[in-house]
Amino acid sequence: MNAIIFSAIMGVVMMFSGILLQKKSAVTTTAIISLILLLSMNLLDSYSIFSFNVNTHDLLHFNKFGLFFNSILIAATLIFVLLCGSDIEKTGVNVADYYALIFFVLCGTSILTSFNGLLMLFLGIEIMSIPLYILTGAEKKNLKSNEAALKYFLMGAFSTGLLLMGIALIYGATGSFALQVSATMAASAGTIPTSFLQIAGLILLFVSMCFKVSAAPFHFWTPDVYDGAPSVFTSFMATVVKAAGFFAFLNLFESNTTILGPSWKILLSFVIVATLLVGNITAVFQQSIKRMLAYSSISQAGFMLFALYSNNDLAKEGILLYAVAYCLATIGFFAILIKVKDYTFDGFNGLAKAQPVLAFTGVVFLMSLAGIPLTAGFFAKFYMLSSVVKSGGSLWIVVVAVLFAAISVYYYFKVIQSMFFKEGVPEIAAITSKFKAGLILVAAAIIIIGVLPSIVLNWFYF
Amino acid sequence: MNKIVFLVPLFPLLGFLINGLGRKSLSKSAIGIIGSGVLLLSFLTSCYLFSIVASAGEEQLQTVVTLFNFISVDAFTIPFAFQVDQLSVLFLLIITGIGFLIHLYSTAYMKEEETHHFGRYFAYLNLFVFSMLLLVMGANYVIMFIGWEGVGLCSYLLIGYWFKNNDFNYAAKKAFIMNRIGDLGFLLAVFWLLFRLGTVNYNEVFTQVANLSSFDIAAITTLLFIGAMGKSAQIPLYTWLPDAMAGPTPVSALIHAATMVTAGIYMIARSNILFTMAPTTQTLIAIIGLATAIFAATIALKQNDIKKVLAYSTVSQLGYMFLGLGVGAYTGAVFHVMTHAFFKALLFLGAGSVIHAMHHEQDIRKMGNLKKFMPITHITFLLACLAIAGIPPFSGFFSKDEILAAAFTKNPLYYYIGVGGALMTAFYMFRLYTLTFLGKFRGTHDQEHHLHESPAAMTIPLIVLAVLSVVGGFIGIPEAFAENKHWLEHFLSPIFAESTKLSTVHHLSHSQEYLMMGSVTVLIIGVILFAVNNFKKFTGGHELEETGFGKLLQNKWYIDELYNNVIVAPINSFAAICKNFVEKSGIDGAINGVGKLVSYSSRQLRLVQSGQVASYLLIMILSIVVFFIIWFNDITIMKFLNKLF
Amino acid sequence: MIALLLLLIPFVAGLGSFAIKQESTAKNFSLLVSIFILGLSLVAVFTPVGASFDSSWLTDLGSRFTLKLDGMGKMLCLLTAVSYPLIFAAVYKNEYKNPGSFFGLMLLTQAGLMGVFLAADALLFYFFWELALIPVYFLCSLWGGEKRIAVTFKFFVYTFIGSLLMLVGILYVYFHTADHSFALQSFYNAQLSDHQQSYMFWLFFVAFAIKMPIFPLHTWQPDAYEQAPTATTMVLSGVMVKMGVFAIFRWLLPLFPNAATSNSIIIIILSVTGMLYASLIAIKQDDIKRMIAYSSIAHIGLMCAAMFTNNKTAFDGVMIQMFNHGINVIGLWIIADLIEKQLGTRKLSELGGLAQKAPALAILLVIMALANVALPLTNAFVGEFLMFSGLFQYNMFIAGVAGVSIVLAAVYTLNMVQSIIYGNLNTVTEKATDISSNIKLVLVIITLVIIALGIFPQPLIDLTKSSVEALFVKK
Amino acid sequence: MPIQYYIYFCLALFSIGIIGVLTRRNAIIVFMSIELMLNAVNLLLVAFSKVHYGAALAANPNTTAGIDGQLFVFFIMVVAAAEVSVGLAIIVMMYRNTHSVDVNFLNRLKN
Amino acid sequence: MSTVQILFSFLSVLALFGAIMVLVSKNPVHSVLWLITVFFAISGHYILLNAQFLAIVNLIVYAGAIMVLFLFVIMLMNLNAEAEPRKHLWMKFAGVISGGCFLMVLISLIRQTTELTGKTVLMKEGNIGLIKNLGKALFTDYVVPFEISSVLFLSAMVGAVVIGKKD
């Protein structure tokens, strides 16, 4: 509960900080401090040392997994603000409001990591999405940003409609919005004739969640929105929000899969393969690195979906690890991307000469995204694949996945090629040594996790 | 048999190292002395060994000496061992003895070479002798194979000695590759032995030969014979030998006449038991040998290059030796190897001296009447010709006669064809002799002006060899003339004991033999006289254009062209197809095709992202519909998927 | 402990070398390090079996940081350790832009190779398998020829796909181990039905086949060898290729014995086809480097064929051939590089007559060439002899067909020798000079090794005997 | 009144909303269609709530079963209101820049 | 045919007709007005279901606030019929078709359900829809979401400010 309450409060605080503080940097500092506070509160909660216990009437349910995941998200946000704070300031005038919105998003993620019913799921998603519509359109004069905002909003609202229809049908079948009920029905799904209403509802729910985590064929908003949104917020959206979405997805379907029977795996593998295909294949031919990353995030989502495919303990660990690895790498690389004026591949030519630190850390991030060993990304993918193999899932989908992973190497390494092997003079914004230090730390973290992933997981298991 | 055995190959090896490394620093004379000195040393050592072996006589003497284990794996162990018995010691004498003479000869013949090339020459020569000794002394097939390939290498190096001339290089390469083909056969035979017997040591192989099925033996012997074909220039692998004349003449004398080419005969004689137990292979050998003998002889009839003639005669003589092996006359074959070594080396050296005098002119149509200018060469050459022609009592007569006699007992047809070959031999040899030494000189004037007898270093070997080729025959006097005077047969009997047990050779009656010898001799003399008279009055120029059959012969039956068009060219074009089409378009094309496919599909898939909200949502809705449909008939889909994976 | 050192020293030194700016310092540093490692590996070779290292790594996954040094590992570590000083010495006079990184990456590669040869844990093995690859990617793309980026990238993706497939295989086997562990031993004891084996077998084999490479997965190799900086090419063809061979011995055969035997005929036929095919193409090659590349494909093909004969003799042959081929091919690359550096061309048709200008080079080249055609008393002969006799026992006919490659090898190798050193000088070769001292030294060392191992191959055979025995104990 | 009727009716309404979203280009109309969908859902929820209530009523006269459904509708309305404010703000912003509310007018982001 | 059924069918037809008119009418203002009609019809349904609170809220929030907002915006932009250019016919066609498919699929699914048979909606009576009960539930069991929804409004407000504010 701490996270929800405090994120809301911090949001309000940020709103006022805009009025009270003149200097933008001061606002950023406030945001950082309050994020640290939020993180510590959440951790305290997860260690159940100090936490507000409100009787939520089983609408919310806090378990260690969710809280830990939430703290990962908050920590990712913290890193994001630390690296990109200056760029957030550059985005527009009302910096404080952006931070406020970010905190509201965090409130939404906190709900999504602890919801115990469709009602809170719905609210959480909405609380998470609405600020994002705004952040997407933050660059008001930039038509791309406008377009992105409009598209995101319309499609988001539409998917909300589908979500609600799904919820309604489920409610019709079960007479309740609680997860357990459908779970219990699922338990006895074998005996009683499966309720078609519930199935229709679940499928619609599945679709709308796929939309949220941008899984094909419901991914279409992703490239346009990520591309159009201000890069800072893109990196936030692509990491924190998507991870939260995944957690909700996992949490929602953990127990309901059996209702759908065999078609569940079929639908899921269909979605997974489609996602990997669209993500990787389309990314190959992009000129703009930002857009390439948008597609790559789709392909990453494809990998994360494996956690859903084989929902076992390895999958849970895997999604944790994946969230960490993916957030670190993506935030890190976006931080570099933002510094470069030209987002095309040629814009990166000769970066290794101009800014060796950026280039080298960039290589680490990209390798982690590609899943090369010695980086966190490898173990993320490794856990996902092993969870599938462990669940006795059919091997062919794993093989397909690794083949697409090999394709993903293509576009990630294209960036490396232009950074290292091509001549050019990239235009780069001023780089502070603090920023470099931050990058190096993130890269170091990625490599450490890449060598010893157990530190993250042990932390999770205490 | 003590460690002294190792000295024999050791000396040449040392010579090779010293000359090879010091070829820049040492002076010519030093190189010459070292080069031939080491041969003399190992010749003396071999003489000593010979004395031991000879004195040991009939009773088995411990012949195998192991140096160390070359290869030792679970399946088998291959010792680095030498075997010195009657057969190998005989070859040792031939190799080191003639080798020494030829080294000596070379010191004079190669005088004009630059010092370091001179050193290189002797290094190669020593290396050759070393490998040849390995070949002969090896106590198992692998060591023999080491020498076998070693001599091939040296002949490659020596044929291509004048490496600036690319034709020579091609000749060298041809020699090496053709030998390799043979070697492959040899190697497979060795594998077969290892597979069946788990050993390649002569003693064990020959004792366990009973364990081999007849098919195995036939296969092994055939493969070995293929090896011999390559090395000893038999049909169909003979074409490298005439080309090998590109090398310096002493090399031709040593390698391509006296020693290396007889390796095949040695190998078969060495494994005589196997061959005796494989009659089919024996017939094959006999036929091939005979065919080669005749075939080469016909070619030799029309050659105008002095060395080419000798080369083809070598091939033909080797054919006789194989005929001997084929009909089971192992002693005869070895005997002929020896005598042939004498007179053929002599012929080559004589030719060398002629060429030396004629300033590297090799066309006999431009020579003539040389007897006036270089008497010693002339006399020795004449003796050699008589020997090879088989005029009694010259050495050639005895050895060839022995083979022919054995052939007759096997199958008279062999005999008659063999005799035909002998007559041709006599003809082309004396054609050569006449054109070179008799008649009137047909060369240019300054050539005539410079004509001179060769220096002592060259004439001494000639004389020695001449003596040998005259008297060499007396170590193998046939039964017909004197009972048990066939010293060689007695000497070698332990080697061929097993085979003689197996093969029942019924000897001819003496009267028959006299008749045959007499008639053949008469015929040969007739041919000789005809040849001499015919070519005495040959005067240059006209009759160059051969026609019809003659042309065919002059062009060696167009065998080289045949090989080029039937074997080499197709392989080349096939390789070209592999390189330019299969590799580029086929395999690599497929690989790159995958990449192309990816980028193409990427370009197509981008268009789905049309940027229009409506189309996005449309696809969403449709896919929802699809989901429902999937759900409706999930069972069938499951079945399908399970069938698929 | 010594195993760990073999792995750590190049790794740390490699990282350290990035800091070095001056060319000479970088060269000397890396040379010294490599020589030190050589000494270390010699110690390792002579220490009795059991030089291993073990520490916990991923306890919850059941993967431990286990290094094991058996006969085969010893030999290959020795090969790695021997080849690096030679390579560094050979390229000592070459110019490199930011040499610190170059030699650093080279040393990192060495660390990766050592790791592959030492790892006794599947996951660890996979780690090093990739770690050895990545520095090579940068080496080739940064210091390579003009088409380097595309070619190297093809090479990288190609091998990466292979290793990913292997990863899937590893995972699958891992979940079928009794004690859910990646340890080598428990992998050996994994219970797999023949049906499962046959799938896993191919997943693993493809990875190794691409690395070796085996026809028809070889097309990355000639381009890569041609484009890579020669020092890297030497590592690639001298040592890295052996990773595949090693991996088949260490992982494939013990893990899936039944699948190996049931698929052996397919693979042997593939390899033999590859041998002849590569030899034919080598005959037609006009580019020295490509020719060497194809000849090396042919040799590897023989090794691969021999590895599936399930025959001790052949295995012994493969073992020593791994070492010998590594040494010989490095020698050939040095010469090829020398010629290119000196005369600016690799076209055989443009060369000729070097024997007059550079007799020393000529002699050494001839010896290398003879080793390449496996002439007796050169080291290659023993290996090929054993492999062929093993293959012969597997199937006479196939052995006979494969034997043709002996002849073909003679053809293309002699072609090369003839068109490089024989014949007359031309405008290109006029300016040739004899080889510099450092390269002469390296080549002489290689020559001595060639001849020494050609006459006394037994030590190598004995070194790896234990590993061969182990392969048969399993079955 | 059988529940099926309600379901059919609401689904029809919902589908009409979808069709509207798919076929109209005017952002505002599209948005209105979405509101239509939401309303369909609302009605369906209420209907279901009454079904469950009716089912529970037999057992217990003063049950509150099904009340959650109606509250859910309430929350949907809340969210809808919030969405409308934001959505219209975005549309207005776009109109400011482009003087058009055509969804496809801005088509910079594609492929 | 009871009055309830008559009312139900009338309202439903009205709603559907209005909904269709929303789509087909060229002039946005007309569409808004038609949508309001739909909302009224739905409110009628609520009353029929005796969900009085929702009926009122629906009227106030939707038909009142939201629709007025729409109308306001439209008039502010004075969009008229020509404002919207023609759209490709096939796109319209495809839209209708896929929407229809969606409907068909769902309906066919519902038709197969055995569970719904005999389930009837309790019309007119039933007091859960009354403000008293709803309010009690809202402020006891559902207080948390209720409070949280304030965050929603807050963010919406901030958002509206951020976007609307001139800078």
Side-chain angles (χ1 to χ4, degrees), chain B residues 20 24 68-76 78 80 116 120 142-143 145-150 152-153 156-157 160 163-166 168-170 172-173 176-177 179-181 183-185 187-188 190-192 194-195 219 571-572 574-576 578-580 582-583 586-588 590-592 595, chain C residues 154 157-158 215-220 222-223 277 279-281 283-285 311-313 316-317 352-353 355-356 359 363 366 370 373 375-377 381-382 385-386 388-393 396 399-400 403-404 406-407 409-411 414-415 418 421-424 455-458 461-462 465 468:
Chain B
K24 289 224 175 57
F68 59 89
N69 271 354
F70 179 47
I71 301 172
S72 158
V73 295
D74 289 15
F76 51 81
I78 296 169
F80 202 104
H116 65 91
R120 187 162 61 88
V142 174
I143 305 300
F145 184 73
I146 294 176
W148 191 266
E149 290 253 297
L153 167 66
Y156 165 74
L157 292 170
F163 54 74
K164 283 186 195 166
N165 179 337
N166 262 328
F168 293 3
N169 295 328
Y170 283 121
K173 205 168 72 188
F176 192 85
I177 289 164
N179 275 308
R180 268 262 154 164
I181 298 173
D183 299 350
L184 175 58
L187 210 48
L188 288 173
V190 172
F191 293 145
W192 205 309
L194 279 176
F195 184 21
I571 288 178
N572 268 322
F574 179 61
C578 285
K579 170 168 177 281
N580 301 326
V582 178
E583 182 79 345
I587 296 167
D588 207 19
I591 303 301
N592 297 335
Chain C
K154 181 178 171 186
V157 172
Y158 213 144
F215 173 90
L217 302 172
H218 63 281
T219 47
W220 61 268
D223 300 346
Y277 176 80
S279 313
L280 281 174
I281 291 182
I283 291 173
K284 276 291 165 194
Q285 283 299 343
N311 173 306
K312 268 191 187 168
T313 316
D316 282 320
Q356 297 156 55
I363 292 166
V366 168
L370 296 180
V373 299
L375 203 80
L377 296 189
F381 169 71
V382 186
F385 180 82
L386 293 175
F388 266 116
S389 63
L391 193 57
F392 189 84
Q393 301 187 15
M396 298 181 177
V404 175
I406 297 181
V407 180
V411 175
L414 294 186
N415 277 340
Q418 175 177 346
I421 61 174
Y422 292 155
N424 287 314
I455 301 175
F456 302 107
Q458 202 53 39
I461 299 178
D462 297 336
K465 217 171 207 30
V468 177

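Just so you know, these numbers come straight off a predicted model, no measurement behind them. Numbers restart at 1 for each chain; the letters A, B, ... are given by sequence-line order, proteins then strands.
The contact between L184(B) and chain C is made entirely by side chain atoms (from C-beta outward), counting heavy-atom distances below 4.5 Å. Interface residue V582(B): backbone and side-chain heavy atoms are both found under 4.5 Å from chain C. Contacts between N572(B) and chain C at a heavy-atom distance below 4.5 Å involve backbone atoms as well as side-chain atoms. Neither the backbone nor the side chain of N165(B) has a heavy atom closer than 4.5 Å to any heavy atom of chain C. Both the backbone and the side chain of W192(B) come within less than 4.5 Å of a heavy atom of chain C. Contacts between Y170(B) and chain C at a heavy-atom distance below 4.5 Å involve backbone atoms as well as side-chain atoms. F195(B) touches chain C through backbone and side chain together, each having a heavy atom under 4.5 Å away.
In this structure, the salt bridge (Lys or Arg N to Asp or Glu O under 4.0 Å) partners of K312(C), at least two apart in sequence or on a different chain, are D74(B), E469(C). Taking Y158(C) as the reference, I591(B), I210(C), L217(C), T219(C), W220(C) meet the side-chain contact (heavy atoms from CB on, under 4.5 Å) condition, with sequence neighbours excluded.
Within the 4.5 Å cutoff, side-chain heavy atoms of P359(C) are placed close to those of K24(B).
No donor-acceptor pair closer than 3.5 Å links the side chain of Y422(C) to the backbone N or O of F168(B).
Ranked by heavy-atom pairs shorter than 4.5 Å toward chain B, the options V382(C), V373(C), L391(C) are led by V373(C). If you tally non-hydrogen atom pairs under 4.5 Å between each of L194(B), L153(B), N69(B) and chain C, the highest count goes to L153(B). Ranked by heavy-atom pairs shorter than 4.5 Å toward chain C, the options G160(B), C578(B), G595(B), G586(B) are led by C578(B).
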For this session: Tell me, with the steps shown, if M396(C) and L188(B) meet side-chain contact (heavy atoms from CB on, under 4.5 Å).
Result: CA-CA 9 Å; M396(C) 298 181 177; L188(B) 288 173; over 6 Å; no

